[in-house]
Amino acid sequence: MTQQHWRRGPDVAWTGDAERVIAARTSPPDPDGPRVLEGSAAWVWLALSEPATAEQLVALALGDGAPETAQADVGAALASLNTAGLTRPA
Amino acid sequence: MMTRRAPDLVDFYRHGSESVAMAGTNVVRLTELSTHVVETCSEWTPIADLAVRLTDHFGMPPGTDSALAMTADAVRELTDLGVLETRDADIPLQVSEARDVLAAMVSRVAADGGIDLLLIKGTSISHHGLRTPRAWGDVDVLVRPGTEPMLRRILAEVGWTVPNEPSPRPLPIPLHALTLAHPRWSTEIDVHHYFPGCYGDPADVFELFWSGRTVIDSAHQPVATTGLHASALIAGLNLMRGPEQPWTRSETEEWLAAVKAWDPGDRQALAELAAAAGATDTIADLLGQAGVTAVERGTTSAADLADWGDRVAASRGDGYEWGLAISRAPWLRKPWIAIQAVMFDADAYRHGLPQPHGLQRLRRSARRWPKAWRWLASQLRKGSRS
């Protein structure tokens with residue numbers, strides 16, 4: 001089965017770095033305001049400069065020296081980003 | 001991220017270890033684990049805390065997935081079903097982090113609503129090299145005159161409010177912008193429907209600025225902002241209007257250095273734009289310092305020059321604006337306004353009294369009373385001499 005690719009929402013405004021990202025949907029705007037992404041969520045957001053699957057992100061994280069919990073962390077971060085409407089299937 | 005039971009969860013019946021929930025028009029059968037989640041999350045609960053509670057109750061999850069990842073998956077599924085709702089944990093947001101993102105958001109909201117909007121001041125000025133970027137400040141926008149109520153309505157649908165409604169009474173210095181705030185954003189939006197110092201017809205001035213607009217990148221999104229010459233005009237007028245602000249001296253030096261370095265064509269274009277916008281007389285002194293020859297001087301009406309003088313004077317403190325309010329009020333209202341002048345700052349008058357936080361403001365005002373009484377006494381002495 002083909003793994004789902006994920007990408008950043010094209011209407012998401014964001015600033016930040018690997019430590020902390022501030023992101024907000026602009027169309028339609030999120031009534032809950034901007035989202036503050038820290039830790040693995042910020043890392044996953046930056047890693048999604050190109051569409052990627054969860055497996056690709058985990059491999060990238062492990063190559064980047066992430067601990068063995070990378071799989072769980074990436075899964076939780078992707079779930080959080082999707083729930084907030086910041087990412088979408090590519 | 002945090003989660004809680006969705007407010008529109010109509011009902012929730014427990015049957016043994018499982019349960020049935022009605023979310024909107026959906027009836028959802030919940031497993032034992034989901035039932036435990038819904039029961040645990042009657043209030044906002046961090047997902048990490050929820051994962052710990054689930055682990056305490058059910059033990060570690062099978063397989064390689066962590067309890068946190070499995071909890072996040074469960075919360076996502078229950079959110080999709082309308083049983084839970086989620087939001088970010090409350091992580092403090094700094095103004096400098098939020099401003100560019102907010103500029104992109106309001107710009108896109110306006111574009112989607114068919115409203116022409118320009119980002120002004122702030123980033124637009126630093127983008128054109130007229131000032132070094134500041135880490136603070138609101139998001140200032142200028143909209144096509146007449147469209148500001150529509151923008152306000154659209155933003156109200158996503159939680160933006162006007163904390164201080166403008167006073168319904170005529171003000172000595174008319175307001176040029178409406179401030180909008182949102183509880184989850186750390187910075188505000190100032191929606192201008194004209195820019196002080198530009199005394200041309202506001203619709204014509206906007207069209208001038210709009211036709212010369214530039215699109216910049218703000219938080220990875222395109223945002224329309226004023227072009228080079230309009231940005232310089234707006235920045236210059238802002239400096240002229242607040243000559244005693246603490247940052248005015250250094251920013252004036254930056255502005256002058258930038259404009260002096262322009263080629264003659266751009267300098268001439270600035271002077272012509274100022275004339276077309278009805279701002280020749282209000283910015284002439286600054287243009288002169290930059291070696292730019294103002295065109296069509298002396299064309300501003302006496303009433304507009306008086307308005308400009310009032311705005312410049314009012315930037316030095318509340319006293320001037322209160323003085324105007326007292327001098328222009330009918331005789332019967334003068335004492336009441338004088339009392340307000342002692343008790344409140346001018347911002348309260350601009351937005352009508354009492355304010356939502358009137359008591360707090362009153363306490364703050366009480367600290368001003370000795371100084372305010374002295375000021376009022378001086379005003380009355382002046383009045384009795386004239």
Side-chain angles (χ1 to χ4, degrees), chain A residues 4 6-17 19-42 44-46 48-49 54-55 57-58 61-62 66-87, chain B residues 1 3 47-48 51 61 63-77 79-80 84-94 96-109 111-113 154-155 157-160 182-187 217-223:
Chain A
Q4 177 66 61
W6 297 97
R7 67 183 176 104
R8 296 174 187 157
D11 301 323
V12 175
W14 65 277
T15 59
D17 53 32
E19 298 286 313
R20 182 174 161 101
V21 168
I22 312 300
R25 283 196 331 253
T26 62
S27 181
D30 189 343
D32 286 336
R35 306 288 171 144
V36 181
L37 313 176
E38 293 186 320
S40 52
V44 168
W45 179 261
L46 293 180
L48 284 175
S49 57
E55 279 185 354
L57 290 169
V58 170
L62 291 171
E68 288 182 2
T69 56
Q71 186 172 357
D73 293 342
V74 166
L78 265 180
S80 167
L81 293 171
N82 289 333
T83 302
L86 299 176
T87 48
Chain B
M1 196 162 64
T3 187
I47 288 181
T64 55
D65 282 346
S66 71
L68 181 61
M70 287 200 71
T71 305
D73 283 345
V75 166
R76 182 163 46 99
E77 284 175 23
T79 303
D80 290 344
L84 296 179
E85 64 173 356
T86 59
R87 69 169 167 86
D88 281 341
D90 288 325
I91 304 172
L93 193 60
Q94 295 166 18
S96 57
E97 296 177 311
R99 198 182 45 189
D100 291 349
V101 178
L102 178 55
M105 190 280 284
V106 70
S107 177
R108 179 59 187 266
V109 165
D112 287 352
I154 296 172
L155 287 170
E157 289 170 10
V158 286
W160 288 85
H182 188 290
R184 304 271 298 160
W185 287 87
S186 58
T187 186
D217 178 290
S218 181
H220 299 87
Q221 296 293 321
V223 170

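This one's a predicted model, so the numbers in the text were calculated from it and none came from an experiment.
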Basic-acidic side-chain contact under 4.0 Å: B:Asp112, B:Arg108: yes

Is a salt bridge present between B:Arg184 and A:Asp30, judged by a nitrogen-to-oxygen distance below 4.0 Å? no

Residue A:Pro28 versus chain B: region with a heavy atom under 4.5 Å: neither

Residue part contacting chain B, namely of A:Asp73, when any heavy atom lies under 4.5 Å: neither

Could you look at B:His182 and say if it's the side chain, the backbone, both or neither that has a heavy atom under 4.5 Å from chain A? side chain

For a quick test of reading the model, state the closest non-hydrogen atom pair linking A:Ser27 to A:Asp11 and the distance between them. O-OD2, 3.6 Å

Flag, side chain of A:Ser40 to backbone of A:Val74, donor-acceptor distance under 3.5 Å: no

Using a cut-off of under 4.5 Å for heavy-atom pairs, which of [options] has the most such pairs with chain B?
{"options": "A:Val12, A:Thr15, A:Thr26", "result": "A:Thr26"}
{"options": "A:Pro34, A:Ala41, A:Pro31", "result": "A:Pro34"}
{"options": "A:Gly16, A:Pro29, A:Pro10, A:Ala24", "result": "A:Pro29"}

Per-pair distances, 0.1 Å, donor-acceptor, side chain in residues 75-86 of chain A, under 3.5 Å, sequence neighbours excluded:
from    : atom 1 : to      : atom 2 : distance (Å)
A:Asn82 : OD1    : A:Thr87 : OG1    : 2.4
A:Asn82 : ND2    : A:Leu78 : O      : 3.1
A:Thr83 : OG1    : A:Ala79 : O      : 2.7

